[in-house]
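The block underneath contains the structure these notes are about, expressed in structure tokens.
In each ligand, atom 1 is the first atom listed, and ligand 1 is the first ligand listed. Keep in mind the model is a prediction, meaning the values are calculated, not measured.
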Amino acid sequence: MNILIIGSGGREHALAWKMAASPLTDKLYCAPGNAGIAQEAECLPLDIGDHAAVIALCKEKRVDFVVVGPEVPLCAGIVDDLEGAGIKAFGPTKWAARLEGSKGFTKDLCKANNIPTAAYERFKSAGPAKEHVRKKGAPIVVKADGLAAGKGVVVAESVQEAEAAIDMMFGGGLGSPAWEIVIEECLVGEEASFFALCDGETAIQLASAQDHKRVGDGDKGPNTGGMGAYSPAPIMTEAMNKRVMDEIIYPTVRALAHAGAPYKGVFFAGLMITKDGPKLIEYNVRFGDPECQVLMLRLMSDLVPALLAARDGQLKNFDLRWYPDAALTVVMAAKGYPGNYNKGSVIEGLEAAAQIEGVEIFHAGTKGEDGKILANGGRVLNICARGKTVREAQTRAYQAVDRIKWPDGFCRRDIGWRAIEREK
Ligand code: AMP
């Protein structure tokens, strides 16, 4: 098959690495891709927001199957448009992608189907929202409806902070004024990321993972897109996984099928494991980044037939095998991230770093120029490693980090600390 991956980050590099190894792949393309992905696939410069251009390219290159990485094109309906043009595509429709695109939609779906989640109210203006916050007290969580690249959530420690968040969101602080916000109860527990593939009817669980969202060691400082991750998540025991499938994933699958919009694609459920059991924090409708990178390192089976089976409604008798090893990834970012940072600095030492046993390096934001690799984004590299334990994977990943010569970059030095504490 000729396969096109849409996207340009570390997640897409990991998908490309895995899919390039499939005997089913004849030719692999990625649009727009990056310098690392170019080692696995032919990168095509393309505006992925222009669906007509994507379709035209698929026809020209005789693409049989498109795998969409990020949420923005999914929420914009790229799968509907590709399928409408007769091109098979992996990912949910625009309607179903509202699971990520609209927090209000997802919360209402949870309520209607008894899916455990934080108690909530929806608001269209600041006055009643603030009144609600004053009544409930802090801590309390304020979320803008719609995609906000991870910036639309404020976990407020005080009523004052919550009120400021409400004013910021309705006042256009996220770019444009929020048309609706959700205010919800603050859940207490340990977070985990849960993944399942779904073909509209059947869902199969993938490996679990945990990520580190804060920029600094000890999980301090501002939130980011993710500074590292590891798999499996020790808190996700077999019994807990089963509860998540029974109490969260399957009720969602049935509700969407019942609504006439069966969900095909990957569910990425952000969970809080509370003393009362798993609760859904949010759904994402694509693989996590950087969680995808550690899942791909642990996946023993071929990914291509699994994604095709999800698209074709054939997951019922499907089984995926995983390496028992742990995997961990350290994100190297440009100094200044998640605030302002420079692009264009030179990165060296990647080859030496990749030679360490068990190490795989994925590019998140790079570009190639005159044979050099240049930083081209906030999160720039994912230094990944497998090991018998999270500790071993961590040691290998940091050995590789130490071989990379990039004075303008930085990373956290404690990725995986929670799991390593448990291993002790
Ligand atoms: P989200 O974008 O919905 O994943 O939220 C970003 C982060 O905010 C989550 O990973 C949690 O750490 C935190 N968060 C969101 N909702 C809640 C909640 N109801 N209770 C506690 N923390 C939350």
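- Between Tyr230 and His212, the ring planes are tilted. Angles from 30° to 60° get that label.
- Within ligand 1, the atoms closer than 4.0 Å to a non-hydrogen atom of Val155 are 8 (O), 13 (C), 14 (N), numbered from 1 in the order shown.
- Close approach of ligand 1 to Lys143 (heavy-atom distance below 4.0 Å) involves ligand atoms 3 (O), 15 (C), 16 (N).
- Considering only residues two or more places apart in sequence or on other chains, Lys124 meets the side-chain contact (heavy atoms from CB on, under 4.5 Å) condition with Trp179, Glu180.
- Of all the atoms in ligand 1, the ones that sit under 4.0 Å from a non-hydrogen atom of Glu184 are 16 (N), 17 (C), 18 (C), 19 (N).
- Residue Glu185 touches ligand 1 through its backbone alone, judged by heavy-atom distances below 4.0 Å.
- Taking the six-membered ring for Trp and thresholds of 30 and 60 degrees, Phe362 and His13 have ring planes more than 60 degrees apart, a perpendicular arrangement.
- Remark: Arg386 is positioned above the aromatic ring of Tyr323, its terminal NZ or CZ atom under 6.0 angstrom from the ring centre and at most 45 degrees off the axis.
- Annotation: side chain of Arg379 is not in contact with side chain of Tyr341 (no heavy-atom distance under 4.5 Å).
- Contact annotation for Asn223 and ligand 1: no heavy atom of the residue comes within less than 4.0 Å of the ligand.
- For ligand 1, the polar-atom distance check against Leu187 finds a nitrogen or oxygen pair separated by under 3.5 Å.
- Numbered from 1 in the order shown, with element, the atoms of ligand 1 that lie under 4.0 Å from a heavy atom of Ile281 read 3 (O), 15 (C), 16 (N).
- Heavy-atom separations between Cys186 and ligand 1 include at least one value shorter than 4.0 Å.
- For ligand 1, the atoms lying closer than 4.0 Å to a non-hydrogen atom of Ala118 are 19 (N).
- Salt bridge status for Glu121 with Lys136: absent, with no side-chain N to carboxylate O gap under 4.0 Å.
- In this structure, His132 and Phe123 have tilted ring planes: the angle between them lies in the 30° to 60° band.
- The closest heavy-atom contact to atom 8 (O) of ligand 1, among the options Ile183, Asp219, Val153, Asn284, comes from Val153.
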